Amino acid sequence: MARKKIIAGNWKMNMTPSQAVELIDTLKPLVGNEDVDVLLCVPAIDIIPAMEAAKGSNIMIGAENMYFEEKGAFTGEISPLMLVDAGVKYVIIGHSERREYFAETDETVNKKVLKAFEHGITPIICCGETLTQREQGVTIDFIRQQIKIAFLNVTAAQAASAVIAYEPIWAIGTGKVATTEQAQEVCKAIRECIGEIYDEATADAIRIQYGGSVSASSAPELFAQPDIDGGLVGGASLKADFGRIVCYNK
Ligand code: PEP
């Protein structure tokens, strides 16, 4: 089955609402590629103006995080109901920065993934090893564990529609991109793990991104790999370069 590529920007804690509108206006004419689903995951306060700015283009607007409850006394959190009402279809879950700085665990990732599906939002589920784990030779074991816990109680139909982002922590924001072989090896192992949890059809359908210092020059080779279905792009999604990444095959 041919999987459509999905290339997503992760703006992290960058861009005020007015800067968001300005950047989307710049990106709109640069991201026309019918082979790719184009998504920008933006800070919560930017979602509504970004949606407005992206109207009439192929850019979808997603969120960077979401809580696993619908409402209540959770000061500062963002509810799935809020995202749905704003028109959000994708949310990043379990980014390594959230795991490192905001105490997210595989268990909270699983709760968020289940909640996102319950509300019809597609999670982009992040996983990735540290440099120490890579050097210790436990990368695949570690990632398999992250995936198995993230997908607990997720149905095969839900899993088939999910997106996984493989992001080696040592490659995020460091300029150190994983080699094509390293990225393909882990994305293949993730697909095999999904095949073991579910079945071949689910493994075939799920989209797996690579993330970690993706640039216009590294994108073509990475995205040509059989198990890499696009990218999650941090720094380079904050500039016009994102257009070159989206048009990697043109
Ligand atoms: C990210 O934030 O998910 C990411 C991959 O960042 P960068 O592209 O800047 O490494």
Side-chain angles (χ1 to χ4, degrees), residues 6 8-21 23-24 37-54 59-128 130 143 145-155 158-159 161-167 169 172-173 207 209 211-212 232-235 237-238:
I6 176 163
N10 171 18
W11 281 4
K12 312 194 187 199
M13 198 175 72
N14 294 294
M15 299 285 145
T16 63
S18 50
Q19 288 170 333
V21 169
L23 179 55
I24 288 170
D37 283 337
V38 182
L39 175 69
L40 290 174
C41 295
V42 305
I45 197 167
D46 294 346
I47 289 174
I48 290 177
M51 286 272 181
E52 205 46 45
I59 299 177
M60 296 182 286
I61 302 299
E64 297 177 11
N65 180 35
M66 184 202 86
Y67 198 50
F68 53 73
E69 297 288 351
E70 274 139 27
K71 60 179 179 170
F74 305 104
T75 303
E77 288 296 324
I78 307 145
S79 150
L81 300 177
M82 297 167 188
L83 296 185
V84 168
D85 192 61
V88 166
K89 302 274 191 303
Y90 290 88
V91 59
I92 299 174
I93 300 288
H95 190 279
S96 61
E97 287 151 17
R98 298 230 36 106
R99 294 177 191 251
E100 182 177 355
Y101 305 125
F102 302 100
E104 294 207 12
T105 63
D106 289 337
E107 287 70 26
T108 60
V109 167
N110 176 240
K111 284 184 179 183
K112 290 181 174 196
V113 166
L114 291 169
K115 201 42 116 179
F117 279 127
E118 192 184 315
H119 290 278
I121 305 171
T122 301
I124 299 178
I125 304 160
C126 299
C127 60
T130 61
I143 296 226
Q145 174 166 322
Q146 286 188 315
I147 295 297
K148 284 183 176 177
I149 299 173
F151 282 83
L152 283 174
N153 300 314
V154 172
T155 68
Q158 289 170 334
S161 71
V163 178
I164 295 174
Y166 165 56
E167 300 205 301
I169 294 170
I172 298 180
R207 293 189 287 182
Q209 298 173 316
L232 184 55
V233 182
S237 71
L238 294 166

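Residues: numbered from 1 along the sequence shown. Given the structure is predicted, the values throughout are model-derived calculations rather than measurements.
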If only atom types and distance count, is the side chain of H119 paired as donor or acceptor with the main-chain N or O of I121 below 3.5 Å? no
Could you tell me which residues satisfy side-chain hydrogen bond (donor to acceptor under 3.5 Å, both in side chains) with E118, sequence neighbours excluded, listed by chain and number? K115
My understanding is that only residues two or more places apart in sequence, or in another chain, count here; which of them pass side-chain contact (heavy atoms from CB on, under 4.5 Å) with Q158? F117, V154, T155
Between E104 (side chain) and H95 (backbone), is there a donor-acceptor pair under 3.5 Å? no
I need the minimum non-hydrogen distance between I172 and S96, along with the two atoms involved. CD1-OG, 3.3 Å
What closest approach, in Å, do A150 and I125 show between heavy atoms, and which atom pair accounts for it? CB-CG2, 3.9 Å
Could you work out, with side-chain contact (heavy atoms from CB on, under 4.5 Å) as the rule, every residue matching A8, not counting sequence neighbours? L39, I124, Q209, L232
Residues two or more places apart in sequence or in another chain: which of them pass side-chain contact (heavy atoms from CB on, under 4.5 Å) with L152? N110, I149
If you measure from the Lys or Arg side-chain nitrogens to the Asp or Glu carboxylate oxygens, is any gap between D106 and R99 under 4.0 Å? yes
Write down the atom of G94, the atom of V109, and the distance for their closest heavy-atom approach. CA-CG2, 3.7 Å
Show every donor-acceptor pair shorter than 3.5 Å between a side-chain atom in residues 61-68 and any protein atom, with sequence neighbours excluded, or say none if there are none.
residue : atom : partner : partner atom : Å
E64     : OE2  : K12     : N            : 3.1
N65     : OD1  : K112    : NZ           : 2.8

Hits for side-chain hydrogen bond (donor to acceptor under 3.5 Å, both in side chains) against E69, two or more places apart or cross-chain, chain-then-number order -> none
Sequence neighbours excluded, which residues qualify as side-chain hydrogen bond (donor to acceptor under 3.5 Å, both in side chains) partners of D46? none
Counting distance only, does the side-chain N/O of W11 pair as donor-acceptor with the main-chain N or O of S237 below 3.5 Å? yes
Shortest non-hydrogen contact between I143 and G128, atoms and distance: CD1-CA, 3.7 Å
More than 12 heavy atoms of other residues, nucleotides or ligands under 6.0 Å from CD of E107: yes or no? yes
Report the distance from atom CD1 of I59 to atom CG of D37, rounding to the nearest 0.5 Å. 12.5 Å
Got a list of side-chain donor-acceptor pairs under 3.5 Å for residues 71-93, not counting sequence neighbours?
residue : atom : partner : partner atom : Å
S79     : OG   : E70     : O            : 2.6
S79     : OG   : L81     : N            : 2.9
Y90     : OH   : R207    : NH2          : 3.3

Any residue meeting side-chain contact (heavy atoms from CB on, under 4.5 Å) with Q19, in chain and number order, not counting sequence neighbours: M15, T16
Working to the nearest 0.5 Å, report the span between CD1 of I164 and SG of C127. 6.5 Å
State which residues pass side-chain hydrogen bond (donor to acceptor under 3.5 Å, both in side chains) with N14; sequence neighbours excluded, sorted by chain then number. none
What are the two closest heavy atoms between I24 and A50, and how far apart are they? CD1-CB, 3.5 Å
